[in-house]
Q: 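Structure below; questions to follow.
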2 protein chains.
Amino acid sequence: MPPKDSETEKDGLFVQSIARAMDVLSIFHQVDRPLSLQEISSLTGLGRSNVQRILFTLRSLGYITRDPDDRGYVPGLRLLDHSLDFLRLNPVVVKATPILLELRRAVRERVDLSIWDDLRLVYASRLQSKREILTSTFIGYSVPVFCVSGGWAILAQLEEAEADSILTRSYRAAFTPKTLTDLGALKEKIRETREAGYATALEQVLPGEIAIGAAILDQARRPVAAIHVAGSLSEWTPEDFTRQFAPLLVQAARTISRV
Amino acid sequence: MPPKDSETEKDGLFVQSIARAMDVLSIFHQVDRPLSLQEISSLTGLGRSNVQRILFTLRSLGYITRDPDDRGYVPGLRLLDHSLDFLRLNPVVVKATPILLELRRAVRERVDLSIWDDLRLVYASRLQSKREILTSTFIGYSVPVFCVSGGWAILAQLEEAEADSILTRSYRAAFTPKTLTDLGALKEKIRETREAGYATALEQVLPGEIAIGAAILDQARRPVAAIHVAGSLSEWTPEDFTRQFAPLLVQAARTISRV
DNA sequence: ACTGGAGTATCGCTGTGCGATACAGTTGTA
DNA sequence: TACAACTGTATCGCACAGCGATACTCCAGT
């Protein structure tokens, strides 16, 4: 029943100006610097005048600001208000937060929650460990499902066909030399995960990192999110890490899943 | 030169559909539960059909989702993508993040960064202490400038007239019995802050909490944000807390301000 | 003085988004 | 069962809002 975003559909109920405005905002996903009017125009494919009007509007609403040095446009502070709304109103996030805090207290390593969105996992909250390195501490950051422990835990909860679809549709680029990209290896990993009840990932995204992940299920027993505990291989052997933390992780995931 | 959002202005470059869509999204700021079509319609003052079309559009773009139980509309995951863009592209946030991590390592108490937005401070990043209580750990959360240490630090950097304007325009409701709301007392506090170079807040927002704050300045020496170190009065006397942490806090703020 | 690049403004035509209205499923209750 | 009171969805013309073309104003660097 969710409306489709297909192109050549006869959807007369689609408000195009809104989509165009969101396109403008979304352009910043691709870049890491302020953009000029022209740049936005060419990147979005919208006309200069149009972009000017859209920017004017978004700017008066606070969703776009000028760069401090007035060298271009950047996303505005008001966007944070909306992400807060998402977090406040998302039942999984709300339910998980206190449990994650408790888990964090018990394990004293990095603990986080990410929400499943088709091919990716989006970090919704992250509780740092004592000595956090510079890994992007930002929420909203997303990683591919296929190569993180939480992703495997989620895939393990799906029908094989659905999991396969996700794996094959994923663009499986390696983050580190250890990143699993082979389809067979991944399927095997998922099988292991299904038996263990949680997933272990060694240096899949960051060198020297070990992470274990478990899936969060909704009432219909469908995975919707995942939680992780992550630590450093310089401090732990994989065996010790999982022996110590996996039971706590699984217990926490179960508690959150109980709705 | 920032466009004004006045009502009866002759702004023919303002795209109203966008504003309406954002109104719909913003409606969730006021509530803490899923909303129905009708509710959104009456809360925004927009017609039912219109809201339906806007929701359809926002939904196909991922900015609105249906509640898991299909009981209403809620903000969608895609909003997080945009808040990430804001964080990634904001020079203050980028500059501050590593320094805050270091500061956090030194003080082992809660450390956070908030961005100044007229009457409020919006949390942009927050590094938890070892035993974090359930205080909203979410970014995007905002507090009034008039009653937090970082706010005082910012006000202390402004011309007296501007600071006064902010104080008087603020809706000065008390969060705790200790919250300062009296104009005279606040001005005095700001004077103290200006001399000390940082601000100390005792139980202004949360009972039992002590926080110290310092302002972040841009190239023009204008305040744009603030950083805090916050701890519990059950573990610290105000004197010990400030003696230990204020120098580090001020040093960090200075480092971030150097652009 | 020129050129190329910023952002801003103007102004008709057209197409798009508005409102009214009607339809279709759920839930609760008389 | 029928009905009422809700949900969300679809249709369809008219009016006006938003588009594109064009032109203007600054500013930086030749």
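Protein chains get the first letters and strands the later ones, always in sequence-line order, with residue 1 at the start of each. Scope of the values below: all heavy atoms of this structure, side chains included, with no hydrogens, waters or symmetry mates.
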Q: I want to check something: taking the side chain as every heavy atom from C-beta on, are Val92(A) and Ile216(A) in contact at a cut-off of under 4.5 Å?
A: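 Contact flag for Val92(A)/Ile216(A) side chains = yes.
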Q: Using the 3.5 Å cut-off, write out each protein N or O paired with an N or O of nucleotides 12-15 of chain C and the distance between them.
A:
none

Q: Looking at DNA chain D, which of residues 27-39 of chain A put a heavy atom within less than 4.0 Å of it?
A: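 None, since no heavy atom is under 4.0 Å.
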Q: Closer than 4.0 Å, any side-chain N/O of Asn50(B) to the OP1 or OP2 of dG19(C)?
A: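 It does, given that an N or O in the side chain of Asn50(B) lies less than 4.0 Å from OP1 or OP2 of dG19(C).
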Q: Want to settle it: does Leu46(B) or Gly72(A) sit nearer the 5' end of DNA chain C, counting the closest nucleotide to each?
A: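 Mapping each residue to its closest nucleotide by heavy atoms, the 5'-most match is Gly72(A).
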Q: If I take atom CD in residue Gln16(B) and atom P in nucleotide dG19(C), what distance separates them, rounded to the nearest angstrom?
A: 11 Å
Q: In whole Å, I'd like the distance from the CZ atom of Phe14(B) to the P atom of dG18(D).
A: 9 Å
Q: With a 4.5 Å limit on heavy-atom distance, are the side chains of Phe146(B) and Ile166(B) in contact?
A: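 No - every pair of side-chain heavy atoms lies 4.5 Å or more apart.
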Q: Does a side-chain N or O of Arg48(B) approach OP1 or OP2 of dG19(C) to a distance below 4.0 Å, or not?
A: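 No, outside the criterion.
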Q: For the CD atom on Glu159(B), are there more than 12 heavy atoms of other groups (residues, nucleotides or ligands in this structure) within a distance under 6.0 Å?
A: no
Q: Can you measure Leu58(B) atom CG to dG17(C) atom P for me and round it to whole angstrom units?
A: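 It is 13 Å, rounded to the nearest whole Å.
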Q: Is the phosphate of dG17(C) approached by Ser17(A) (side-chain N or O, under 4.0 Å from OP1 or OP2)?
A: yes
Q: Can you check whether Arg20(A) has a side-chain N or O nearer than 4.0 Å to OP1 or OP2 of dG17(C)?
A: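 Answer is yes, contact under 4.0 Å.
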Q: Within the pair Arg59(A) and dT8(C), is there a side-chain N or O less than 4.0 Å away from OP1 or OP2?
A: yes
Q: Does a side-chain N or O from Gln52(B) land closer than 4.0 Å to OP1 or OP2 of dT9(D), or not?
A: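 Gln52(B) to dT9(D) OP1/OP2: side-chain N or O found under 4.0 Å.
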Q: Round to a whole Å and report the spacing from CZ of Arg71(B) to P of dT26(C).
A: 17 Å
Q: Would you mind reading off the distance between Asp69(A) atom CG and dC27(D) atom P, rounded to a whole angstrom?
A: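 These atoms are roughly 17 Å apart.
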Q: What is the distance, to the nearest angstrom, from the CD1 atom on Ile18(A) to the P atom on dA17(D)?
A: 16 Å
Q: Would you indicate which nucleotide in dT22(D), dG7(C), dG17(C) comes nearest to any side-chain atom of Arg66(A)?
A: dG7(C)
Q: Quick one: is Arg53(A) getting a side-chain N or O under 4.0 Å of the dA17(D) phosphate, OP1 or OP2?
A: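 Answer no for this pair, as no side-chain N or O of Arg53(A) is under 4.0 Å from OP1 or OP2.
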Q: Determine, using ring centers only, whether Phe28(A) and His82(B) are less than 6.0 Å apart.
A: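 No; Phe28(A) has its ring centre 6.0 Å or more from that of His82(B).
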Q: For the backbone of Ala253(A) and the side chain of Ser257(A), can you confirm whether one donor and one acceptor N or O come within less than 3.5 Å of each other?
A: yes
Q: Just so I know, are the side chains of Leu55(B) and Tyr73(B) near enough to count as touching, which here means a heavy-atom distance under 4.5 Å?
A: yes
Q: To the side chain of Ser49(A), which of dT22(D), dG19(C), dT8(C) is closest?
A: dT22(D)
Q: In whole angstrom, give the distance that lies between atom CG of Leu55(B) and atom P of dA10(D).
A: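 Rounded to whole Å, this separation is 13 Å.
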Q: Do Phe14(B) and Ser60(A) have side chains that approach each other closer than 4.5 Å (heavy atoms only, starting at C-beta)?
A: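 Heavy-atom side-chain distance check passes, below 4.5 Å.
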Q: Measure the shortest side-chain to side-chain distance between Asp218(A) and Val224(A) over non-hydrogen atoms and say whether it is less than 4.5 angstrom.
A: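 Yes. Closest side-chain heavy atoms under 4.5 Å.
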Q: Just checking, Arg59(B) and Phe56(B): is the charged tip under 6.0 Å from the six-membered ring centre and within 45° of the axis?
A: no
Q: Nearest whole Å is fine: how far is dT16(C) P from Ile54(B) CD1?
A: 17 Å
Q: Going by heavy atoms in the side chains, are Val74(A) and Asp85(B) under 4.5 Å from each other?
A: no
